[in-house]
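Below is one structure, written out as structure tokens; comments come after it.
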Amino acid sequence: MTMFSRSKDWRLSNVPWRMEIGRYCNEYRTAVLARRDILGKDRKQSVSQDGIVGTINNLLIEIQDQMLVQATEFRDAHLHRAKTYDELKEIVSDGWALIPHCGTAECEAKIKEETRASARCFPLEENEGWSANGVTCPICGKPAVGLAYFARAY
Ligand SMILES: [Zn+2]
């Protein structure tokens, strides 16, 4: 078990909550749970020590649900369609660009060299019902084989 003395250490190690049991907590059979995923007064709650395992389990489920909502909103806010190579360059500076792509290694290599972005996937949902009928890759001009996401690796 790692012991941290500073609040910053706990945040950096992604500990989702902490429990405080003070001098009077045992007398009143209470504890304070402090979430690390939210700020302000709402992050701390006084709870009964009776049934605290179930309380903590529910808290962890709530934190996980909230993290999923935040991650989904972040992802959706950073997904954009690009119609031109210039749009792709701009989008990949801070997000994921969906483009009609030829699927060739040469084209991918050019994109990676010039933008540091690489092909992530041909997403099933976006390609369902998509027709390459006359659509060309905005990078090389060859016929597109599907819609692909491009993004920089972290
Ligand atoms: Zn291409």
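All ligand and atom numbering here is 1-based and tracks the order in the structure.
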- Message: Suppose you place the vertex at the Zn ion (ligand 1); what is the angle out to Cys107 SG and Cys137 SG, to 10°?
- Response: 100°
- To the nearest 0.5 angstrom, please state how far the CZ atom of Arg35 sits from the CG atom of Leu60. 9.5 Å
- Do Asn57 side-chain atoms and Val53 backbone N/O form a donor-acceptor pair below 3.5 Å? no
- Item | Contact flag His101/the Zn ion (ligand 1), N/O/S atoms, threshold under 2.8 Å | no
- All ring pair (Phe, Tyr, Trp, His ring centres under 6.0 Å) counterparts of Tyr85, not counting sequence neighbours: none
- Do the side chain of Gln66 and the main chain of Glu62 share a donor and acceptor less than 3.5 angstrom apart? no
- Message: Using the Zn ion (ligand 1) as the vertex, how large is the angle between SG of Cys102 and SG of Cys140, rounded to 10 degrees?
- Response: 100°
